[in-house]
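Input: a single structure, listed below in structure tokens.
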Amino acid sequence: MDPSAPISDEPPRPSRRPRPLRGLAWLVGAGLLVSLTAWWAAGLARERALGDLRQIDSETMKLVVSNLRVELEKLEFMPQLVARDERIQRLLERPGDPELVAAANGYLEEISRTVGASDTYVMDVGGLTLAASNWASDASFVGQDFGFRPYFKEALEGLAGRYFARGAASNKRGYYFACPIHRDGQIIGVAAVKVGFEAIERTWRDLPGPIALTDWHGIVFATNEPGWLYRSLRRLDERTFAEVNRSRRYSGVVLDPSALVEIQLIDGTTSRMTVLAARDGAGGPRRPGAEYLALSDDLPEYGWVIYTMSSLRAVDGSVRAAAALGAASAGLLALAAFFLAQRRQYRRQRASFREREQRMLRRNQEELERRIAERTADLMRSNQQLQKEIAEHEIAERALRDTQQGLVQAAKLAALGQLAAGVTHELNQPLTALRSYADNARLLIGRQRLDEAARNLERITRLTDRMASITRHLKTFSRKTGPDRREPVDVVRALEAALSLVGVGGADGGLELLHAKPAEKLLVLGDPVRLEQVFVNLIKNACEALAGAERRQLSIGYRAGEEAIEIEIRDSGPGIRREHLGRVFEPFFTTKEAGEGLGLGLSITASILGEMGGSVRAGNHPAGGAAFTVALPRAVARAQARSA
Ligand code: ADP
């Protein structure tokens, strides 16, 4: 598993309902709650306020009705009192007597003032007023004919007449009580008393709501509401309108048949009244559109209906207030519920988030631990493997070293054995030369050619030196000893010495030597003897290769570079076989007959050159024959040599 791969957790589960939908549900729920509460509170408030108003109206009603009854009833029996009075009786007997008129007038005036009646008066059977309490005023009843008045007609029939009307002479509304005046069983006149409404109305002024006293048709004739007087609560149909006008009850008033209010009956005595705007706009009622809760009570003995009213504005206000309060409370409640729900949900979410987070952390930790354990195990395994491999390597190396050492030792021993046998081969040439030089020296001494003999002896000395050095080199081949000599060696001279050692250059056996000597002196650093040995080996091999050749040619060439010098020794022999090219420098590799070659020459050559910082390579020339190229670093770089 890739340790860098993120440790993923399961994706968060979707909540039960999509968020916007839940919000909408909340909103709808809250709206419903608010509306319902507002509606319920409004209903409750309306009920309550209406109840209160009804209560107020009913209290007002009681007060107003009892007051009205008292005001009226206290004068109900006054006409009978007047009818029995002697002065009235006498006046009716002699209606034209001014004294009697004056006495009657005085009496009526006084009694009227005493009881608080509006007017008190006496009529003859024809309806003519003979005496009246208001005899002295401008609107005196005296001499007026009230024969058309229903109360007069009733009284004339012997009944107790009572009637409401607007005074034809006084233009004042009043309630009339009348009774017949008897004398000896005969009706001789009618006594009447008028109760005014001004005083009654005055007592209504301070009441908060409108009071309306209406006749049977609904025409208001007493009220504390300006503009309502002589208006009908209900619309008057034509017949009623004509009848009312005919009765002259409201003489002098132009009646309006349209309805003053719109009435919605709530129950038998309770109704809702809305004041209608006046049709003509002028002289209409106050506050058109005002609404009232009206309570009605019948006064059947008078043929009236009385209304006490309370403005519904307060109700509407309190209903609105209650609705608002209810809505606000419900809204608050909803808000609180919403807040609580949100908080709960938030807490739940937070808890679940924490739980998930912890679960994830735990899982990550476990995963991490598992990976670490895996990794550790892997590492331990590879470590163990490595240790095992190291141990194996060490064993193998030791075995290899042992084997190598064994091999080296064995090879050395073998080489030594073979060397012992091959020393002859290496020393054969100088020995042969020694012998011939010695023989020659002996002959020369015998012929007294001492100088030449001395030269030969010198050569012999040099040869013995060389032989000693050869043995030393053979020794160093198996065991390296002593420091090497390093001195500038003339390459061409070393080569010439080698040629001379091998015996090439003379007119021997038809070997053609092509030695292209360089113009400059080529110096390399090293041991001159050993360099000579290198060239001896190479030249000797070339000569041996040329042994059976038709054309025996040995070419020696030089290539002088800036830093190094190359010497090519080429023969016209058979060349080196392809498969042997890579092996000729191996120690003891030889293609020669047993006893002829040891296979050490090239190996020693390579070894010597290596020690001198140079190298040798073998190859075949395109024109035929083997070519060995020796490369050696210059003792002094060419530039230095030039400037020196
Ligand atoms: P040896 O001469 O004793 O065989 P060397 O090490 O001198 O040992 O040479 C190894 C072999 O390289 C030779 O046996 C021969 O096969 C091959 N060789 C060396 N020089 C030449 C040459 N000039 N021409 C052809 N073969 C050569």
Side-chain angles (χ1 to χ4, degrees), residues 411-412 414-432 466-467 469-471 473-474 476-478 495 498-499 501-505 508-515 529-557 566-611 614-631:
K412 277 185 180 172
L416 275 172
Q418 282 187 312
L419 266 177
V423 167
T424 329
H425 170 79
E426 288 294 323
L427 297 180
N428 213 14
Q429 293 259 335
L431 271 175
T432 317
R466 184 176 135 70
M467 285 169 77
S469 91
I470 286 172
T471 47
H473 284 312
L474 284 170
T476 61
F477 178 68
S478 60
L495 215 127
L499 284 168
L501 267 174
V502 179
V504 177
D508 59 328
L511 190 137
E512 190 189 346
L513 174 68
L514 300 172
H515 192 174
V529 178
R530 300 189 75 181
L531 188 59
E532 246 174 64
Q533 190 187 342
V534 164
F535 292 141
V536 164
N537 281 343
L538 296 174
I539 292 164
K540 203 162 65 78
N541 277 349
C543 290
E544 280 169 3
L546 290 169
E550 273 180 31
R551 193 167 58 92
R552 299 171 68 217
Q553 194 178 58
L554 179 68
S555 324
I556 298 166
E566 282 189 348
I567 308 106
E568 191 191 59
I569 298 166
R570 178 158 77 91
D571 61 63
S572 56
I576 305 163
R577 282 165 72 176
R578 217 178 156 73
E579 64 268 29
H580 293 157
L581 268 175
R583 300 190 59 200
V584 291
F585 296 104
E586 284 179 10
F588 305 111
F589 175 79
T590 182
T591 56
K592 290 166 190 167
E593 298 284 314
E596 278 189 15
L598 276 173
L600 281 171
L602 286 181
S603 148
I604 289 169
T605 297
S607 165
I608 291 166
L609 287 170
E611 281 168 20
S615 64
V616 60
R617 55 180 195 275
N620 288 315
H621 196 270
F628 284 85
T629 309
V630 171

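Just follow the structure's listing: the first ligand is 1, and inside any ligand the first atom is 1.
- Of all the listed residues (Thr591, Ile569, Leu538, Ile604), Thr591 holds the heavy atom that lies closest to atom 16 (O) of ligand 1.
- For residues 614-627, every residue pair satisfying the salt bridge (charged side-chain N to carboxylate O under 4.0 Å, His left out) rule, not counting sequence neighbours, is listed here: Glu566-Arg617.
- Of all atoms in ligand 1, listed by their number and element, those nearer than 4.0 Å to a heavy atom of Phe589 are 10 (C), 11 (C).
- Heavy atoms of Val584 come nearer than 4.0 angstrom to ligand 1 in at least one pair.
- In this structure the side chain of Phe628 reaches within 4.5 angstrom of the side chain of Leu602, judged on heavy atoms.
- Separation of atoms SG (Cys543) and CG (Leu499) is listed at 8.0 Å; rounding is to 0.5 Å.
- No N or O atom of Ile576 sits closer than 3.5 Å to an N or O atom of ligand 1.
- Contact of the Val534 side chain with the Val616 side chain is not registered, since no non-hydrogen atoms from C-beta on lie closer than 4.5 Å.
- Ligand 1 lies within reach of Phe628, whose nearest heavy atom is under 4.0 Å from it.
- The shell of residues lying under 4.0 angstrom from ligand 1, judged by heavy atoms, excludes Gly573.
- Residue contacts with ligand 1: Ser603 is placed with no nitrogen or oxygen under 3.5 Å of a nitrogen or oxygen of the ligand (distance criterion only).
- With sequence neighbours excluded, the residues that form a side chain to side chain donor-acceptor pair (under 3.5 Å) with His621 are Arg570.
- A heavy-atom distance below 4.5 Å is not found between the side chains of Leu546 and Glu512.
- Of all the heavy atoms of Asp571, the ones lying under 4.0 Å from any atom of ligand 1 belong exclusively to the side chain.
- Counting heavy atoms from C-beta outward, Ile556 and Phe535 have side chains that stay 4.5 Å or more apart.
- Per-residue contacts place Ala542 under 4.0 angstrom from the following atoms of ligand 1 (heavy atoms of the residue considered): 23 (N).
- Assignment of Gly625 to the shell around ligand 1 is not supported, since no heavy atom sits closer than 4.0 Å.
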